[in-house]
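In what follows, a single structure is set out as structure tokens and then discussed.
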Amino acid sequence: MSAVSAVQWDEAYNFAYLDEQTKRMIRRTILKAIAIPGYQVPFGGREMPLAYGWGTGGVQVTASVIGPDDTLKVIDQGADDTTNAVSIRRFFERVAGVETTETTEDADIIQTRHRIPEFPLREGQVLVYQVPQPEPLRKLEPRETETRKMHGYAEYGLMSVRLYEDIARYGHIATTYSYPVMVNGRYLMSPSPIPKFDNPKMENNPAIQLFGAGREKRIYAIPPYTQVKSLDFDDHPFKVQTWKECCALCGAKSSYLDEVILDDRGGRMFVCSDTNFCEDRRAKGHTGPLGADPAALAFAHKEPAQ
Amino acid sequence: MYVAVKGGEKAILNSHKLIAETRRGNSERPEITIEQIADQLGLSVDRVMAEGSLYDRGLAALAVKQAQGDLVEAIFLLRAYRTTLPRFAMSEPIDTAKMLVQRRVSAAYKDIPGGQVLGPTYDYTHRLLDFALAAEGGVGMPEAPVADEALDDGMPHVADLLDYEDLIEPDLPDPDQPEAFDLTREPMSCPAERDQRLQNLARGDEGFVLALAYSTQRGYGGNHPFAGEIRMGEVAVEIVPEELGFAIDIGDMVVTECHMINQFEGSADRPPQFTRGYGLTYGHNERKAMAMALVDRALRAREFGEVAKYPAQDEEFVLYHADNVEAAGFVSHLKLPHYVDFQAELSLIRQLRAEYEDRQQKDAAQ
């Protein structure tokens with residue numbers, strides 16, 4: 001830890017934008033959230049210079065836990081170069097002057113939307129999720145006054161019925177993302193809209209997982225090494241997505257793949273959604289079936305949209 | 001060939017340059033100034049201050065300019081700036097009975113102590129486009145005549161006149177709750193008390209509150225309102241600094257206030273009585289203040305033992321959806337990439353289709 005000699009950020013604003021009182025309030029909320037894994041703690045969320053629904057909860061959590069010596073990584077859809085990830089990274093470069101990275105291993109704080117990185121996280125890292133709707137029961141019961149009671153009484157039968165109805169209609173559970181989890185055997189929790197592929201990574205994770213919902217003004221958390229079970233039934237165990245294809249660029253067979261349309265005649269390729277994971281593999285010499293294709297490479301080299 | 005969907009930093013920067021250029025418009029014409037917006041688009045500025053929860057004409061005018069006149073975007077800019085401001089003190093409650101009235105009308109009485117004051121209003125203009133405003137030289141410097149005598153100092157609230165006869169419910173502060181709820185510091189919590197509801201409505205979207213108010217008039221939870229009084233003018237804002245121990249005036253602000261008087265047939269433990277609906281906004285905005293007063297009364301259904309069965313009476317529905325910064329943000333977030341989740345749904349629908357076709361084939365074979 002080196003001392004910060006001079007102010008490195010936009011001096012028109014306090015370090016990391018929020019004033020110290022607000023950060024303290026949010027840190028108290030985070031401590032409570034960590035003490036009660038999976039429980040949604042209400043907090044006095046502030047208006048941020050980012051639209052609601054675009055990561056204001058995650059940004060407030062990151063702003064409250066980040067220090068001048070921390071290194072930040074921001075991903076959206078698993079990628080470091082998606083527009084909103086770029087925008088949030090630029091925001092923290094401006095208001096906090098922190099180092100940023102695309103390398104999962106090098107980051108102290110990773111703010112994410114819709115994915116958990118493919119590389120395993122380690123102790124000391126903080127994963128901050130952006131959460132549009134913190135209430136896993138909201139689509140079943142629109143009233144907050146009701147859902148708070150349901151959590152209070154651990155009255156989660158409604159969710160089991162919903163999953164059962166899927167099985168009755170389709171023969172299997174038809175939820176593919178925001179797949180509900182039970183945390184520490186007590187609170188039903190929304191994992192945020194990550195694909196169910198990522199759900200198993202939440203359990204027993206050495207990193208601290210913090211969830212910020214700005215518009216709904218809720219923060220919740222999973223402390224390191226916590227039990228996180230995806231809901232299922234004995235005769236219909238939880239399963240994650242699989243692909244017949246491997247990544248067209250790096251040949252990975254175990255990562256989450258995005259489908260990229262190549263032409264208007266049904267041509268498509270599948271590539272890793274985690275760009276850092278894919279680049280790392282290619283740097284180590286792994287290559288996929290389109291690893292030498294100029295169009296596919298143009299995609300990999302991130303030709304910026306104009 | 002496909003175009004890369006991932007926009008880099010350069011694309012974002014170029015986009016910023018493009019909006020700056022578009023905002024400036026035709027460079028042969030002079031750039032509009034903040035002062036011009038504050039003076040000549042005053043009602044836009046009023047709305048931005050009200051829903052932005054920040055009384056500062058200059059900053060609101062800047063927000064209007066920066067947002068190219070998009071008021072919801074301007075409100076958002078002002079709210080985000082508001083977050084960075086320290087709080088020096090809590091003001092004393094403003095006293096609208098002592099307002100320096102510019103306009104004050106009552107639809108409940110023909111004449112009232114202090115008189116009806118029409119003031120500046122579009123109500124009786126014919127809505128004919130005024131081409132004089134489009135003329136090259138503009139309209140010059142129009143001047144309104146000054147009244148022969150000054151307005152009365154005493155302008156009691158009309159609703160309070162009914163109070164003397166005990167015909168309207170008393171309007172007293174809640175002794176159990178000396179401090180008002182502050183929605184800008186605490187998250188919404190339901191069931192909400194009236195202070196939280198009023199604060200939510202005051203900064204709520206004008207269009208949303210207006211539509212809800214209109215729905216109560218068309219039978220979706222109506223209470224037969226009368227516009228007891230609408231007044232607009234300047235009020236003093238006072239704070240009590242700890243080191244002084246007495247109130248000092250820190251400035252004036254223009255507000256619009258509406259008292260609606262509503263029928264109430266009485267219940268087992270309350271006599272038949274008029275009830276109140278209240279609206280208050282920064283600046284001059286009667287449409288919003290009146291709509292707010294109607295919705296305030298509709299939301300008091302629980303208090304009067306009325307069955308809350310319509311949207312305007314449904315507290316969670318109204319309070320959670322009134323804020324246009326929240327609403328606009330969440331609707332517009334659909335523009336963000338969702339391709340991870342879409343991919344998951346794509347795989348699912350392919351699987352469901354395959355299973356469906358299997359079933360069809362089996363059925364056909366039987």
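Throughout, protein chains are lettered first and strands after them, A, B, ... in sequence-line order, and every chain is numbered starting at 1.
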On a heavy-atom basis, the closest approach of D76(A) and P337(B) is OD2-CG, 4.0 Å

In short, Y81(B) meets Y17(A) closest at the heavy-atom pair N-OH, 4.5 Å

(request) Would you mind reporting whether T82(A) and Y339(B) have side-chain heavy atoms less than 4.5 Å apart? (result) yes

Is the shortest side-chain heavy-atom distance between H172(A) and E355(B) below 4.5 Å?
yes

key: Side-chain donor or acceptor of E259(A) paired with backbone N/O of Q343(B) under 3.5 Å   = no

| Salt-bridge contact R143(A)-E315(B) (side-chain N to carboxylate O under 4.0 Å) | no

T84(B) side chain near D19(A) side chain, heavy-atom distance below 4.5 Å = no

Looking at E316(B) and E144(A), would you say the former's side chain and the latter's main chain have a donor-acceptor pair under 3.5 Å? yes

Practice prompt. For R79(B) and P49(A), indicate whether the former's side chain and the latter's backbone hold a donor-acceptor pair under 3.5 Å.
Written response: no

Residues V340(B) and R115(A): closest non-hydrogen pair is CG1-CD, 3.8 Å

Heavy-atom closest pair (F330(B) atom, P132(A) atom, distance to 0.1 Å) is CE1-CB, 3.6 Å

Validation row: R215(A), H333(B) side chains within 4.5 angstrom (heavy atoms): no

* Does a donor on one side chain and an acceptor on the other come within less than 3.5 Å for H338(B) and Q77(A)? -> no

E47(A) and R203(B) ion-paired at < 4.0 Å: yes

Applying a strict 4.5 Å limit to non-hydrogen atoms, the region of S15(B) in contact with chain A is neither

Heavy-atom nearest pair, W54(A) first then S332(B), reads NE1-OG, 3.1 Å

In short, F76(B) meets M48(A) closest at the heavy-atom pair CE1-O, 3.3 Å

